[in-house]
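Shown next, in structure tokens, is the structure this report addresses.
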Amino acid sequence: MIEFHQVSKQYTRDNAALSNITLSVAKGELIFLSGPSGAGKSTLLKMIAAMERPSSGTITVNGHDIGRIKPSGLPYLRRNLGLIFQQQCLLNDRSVLANVMLPLLVTGHPRIDAEKRARAALDKIGLLSKAADEPMALSGGEQQRVAIARAIVNRPQIILADEPTANLDRASAAKVMEALHAFHGVGVTCLIATHDEHILNEAKKIIYLEHGRLVAPGANAPLPGGA
Ligand code: ADP
Ligand code: ADP
């Protein structure tokens with residue numbers, strides 16, 4: 001479903017954010033992306049969403065060459081992706097429900113249908129009771145779950161999450177992970193960047209990055225801080 005073939009990314013001439021990455025993610029997999037800060041985790045996720053282009057190598061998502069995607073192809077790619085990135089803030093001038101409806105409204109869904117699906121998405125992450133609240137009235141963990149509801153309301157095939165539990169307490173982080181595991185449970189492919197050791201300890205499949213390179217793919221990847 002996602003293939004990297006000898007992918008490198010240089011933001012500047014003398015600094016490689018990613019070097020010669022080859023990996024593949026099968027449909028329905030739940031994979032954690034680990035490694036110290038600056039290792040290239042965000043860059044790898046952003047390239048799958050065509051938010052950054054590879055400097056060399058090829059990336060395919062569902063058979064499409066993402067490095068060469070035209071602007072007109074972006075909506076088709078992004079429709080299949082649920083993006084949970086930290087810089088994507090909730091809009092504070094409207095309700096939680098309106099925030100979750102937004103991706104459906106911009107893709108032309110009728111309002112009634114959008115509201116029904118947004119409520120269903122909020123119900124799935126246990127926040128239907130907060131639908132009418134403003135995001136600012138919610139805890140950090142609840143806000144992060146609203147961001148997840150907004151990311152999945154379009155029923156994407158792939159979820160990309162960048163440090164989805166950063167700045168959350170253990171209980172909130174557990175709820176966020178529970179929601180992500182539930183989507184994996186219904187067949188959604190999930191790629192989650194994290195250096196949260198509690199999460200990595202439970203993870204079945206970890207891809208470990210260091211200085212932009214893959215380290216020991218698969219077995220016995222070192223945990224951050226453990227080396
Ligand atoms: P991580 O997510 O693992 O912390 P990043 O992918 O954010 O790593 O960063 C990898 C490297 O690329 C770092 O050295 C970072 O400074 C650099 N980098 C990331 N984004 C940019 C950018 N927009 N411009 C220049 N350098 C960048
Ligand atoms: P409805 O058919 O009334 O929209 P569903 O239970 O089918 O209710 O879906 C409710 C919400 O759950 C959807 O709006 C979507 O956000 C999410 N969802 C359902 N199936 C998937 C899926 N396969 N992948 C991601 N999200 C999904």
Side-chain angles (χ1 to χ4, degrees), residues 1-25 29-61 65-69 71 74 77-78 81-89 140-141 143-144 147-148 151 156 158-168 172-173 176-177 180 184 189-227:
M1 178 159 249
I2 302 171
E3 306 262 4
F4 277 60
H5 183 69
Q6 296 179 352
V7 173
S8 297
K9 173 69 182 179
Q10 283 176 268
Y11 289 103
T12 56
R13 207 173 296 168
D14 46 311
N15 180 359
L18 288 177
S19 303
N20 202 27
I21 302 291
T22 296
L23 59 84
S24 66
V25 179
E29 275 196 301
L30 168 62
I31 297 186
F32 292 89
L33 200 55
S34 173
S37 182
K41 304 182 293 295
S42 298
T43 299
L44 195 152
L45 292 180
K46 282 180 183 164
M47 287 201 295
I48 296 170
M51 293 156 76
E52 294 290 350
R53 306 270 167 157
S55 307
S56 62
T58 51
I59 300 169
T60 58
V61 177
D65 185 341
I66 296 312
R68 288 202 202 142
I69 198 165
L74 281 178
L77 169 69
R78 302 254 168 93
L81 301 176
L83 305 179
I84 304 164
F85 283 54
Q86 270 158 12
Q87 61 273 29
Q88 290 178 330
C89 305
Q143 290 184 22
Q144 187 64 321
I148 292 176
I158 300 169
I159 291 177
L160 305 177
D162 193 1
E163 302 284 357
T165 61
N167 310 316
L168 299 185
S172 301
V176 164
M177 288 315 297
L180 291 171
H184 170 237
T189 306
C190 300
L191 201 47
I192 303 170
T194 185
H195 49 242
D196 182 330
E197 290 196 42
H198 296 289
I199 294 172
L200 292 170
N201 282 337
E202 314 256 293
K204 294 208 176 73
K205 187 155 182 188
I206 302 174
I207 291 174
Y208 192 80
L209 280 174
E210 214 171 82
H211 301 301
R213 293 176 187 278
L214 284 182
V215 181
N220 299 325
L223 292 176

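Counting convention: from 1, in listed order, for ligands and their atoms alike. Given the structure is predicted, the values throughout are model-derived calculations rather than measurements.
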### Query
Less than 4.0 Å between atom 27 (C) of ligand 1 and some protein heavy atom, yes or no?
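Protein heavy atom within 4.0 Å of atom 27 (C) of ligand 1: present.
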### Query
Heavy atoms of the protein only: does one fall short of 4.0 Å from atom 2 (O) of ligand 1?
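Protein heavy atom within 4.0 Å of atom 2 (O) of ligand 1: present.
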Would you compute the distance between atom [atom1] of [X] and atom [atom2] of [Y] and round it to the nearest 0.5 angstrom?
| X | Y | atom1 | atom2 | answer |
| --- | --- | --- | --- | --- |
| Leu77 | Met51 | CG | CE | 11.0 Å |
| Thr43 | Lys41 | OG1 | NZ | 9.5 Å |
| His5 | Thr60 | NE2 | OG1 | 10.5 Å |
| Ile192 | Asp162 | CD1 | CG | 11.0 Å |
| Leu209 | Leu33 | CG | CG | 5.0 Å |
| Met177 | Phe32 | CE | CZ | 4.0 Å |

#### Entry: Pairwise side-chain contact, Pro36 with His195, heavy-atom cut-off 4.5 Å (strictly under)
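Answer no - side chains too far apart.
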### Query
Relative to the heavy atoms of Ser42, which atoms of ligand 1 are at a distance of less than 4.0 Å?
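That gives atoms 1 (P), 2 (O), 6 (O), 7 (O) of ligand 1.
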### Task
Go through ligand 1 atom by atom and flag the ones less than 4.0 Å from a non-hydrogen atom of Ala39.
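That gives atoms 1 (P), 3 (O), 8 (O) of ligand 1.
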### Message
Tell me the contacting part of Pro36 for ligand 1: side chain, backbone, both, or neither, using a 4.0 Å heavy-atom threshold, strictly below.
### Response
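It is the backbone that gets close, since no side chain atom is under 4.0 Å.
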Can you report which non-hydrogen protein atom sits closest to [atom], along with the distance?
| atom | value |
| --- | --- |
| atom 22 (C) of ligand 1 | Tyr11 CD2, 3.4 Å |
| atom 8 (O) of ligand 1 | Gly40 N, 3.0 Å |
| atom 9 (O) of ligand 1 | Thr43 OG1, 3.9 Å |
| atom 14 (O) of ligand 1 | Asn15 ND2, 3.8 Å |

### Message
If I apply the N/O under 3.5 Å rule, does Ala17 come out as touching ligand 1?
### Response
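Between Ala17 and ligand 1, no N or O pair is found under 3.5 Å apart.
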### Message
Checking the N or O distance criterion of under 3.5 Å, is ligand 1 in contact with Thr12?
### Response
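Not met; the criterion fails.
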### Message
Can you confirm whether the side chains of Ser55 and Tyr11 place a donor and an acceptor under 3.5 Å from each other?
### Response
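There is no such pair between these side chains.
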### Sub-4.0 Å heavy-atom contact, Gly38 with ligand 1
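Yes; Gly38 lies near enough to ligand 1 that a heavy-atom distance drops under 4.0 Å.
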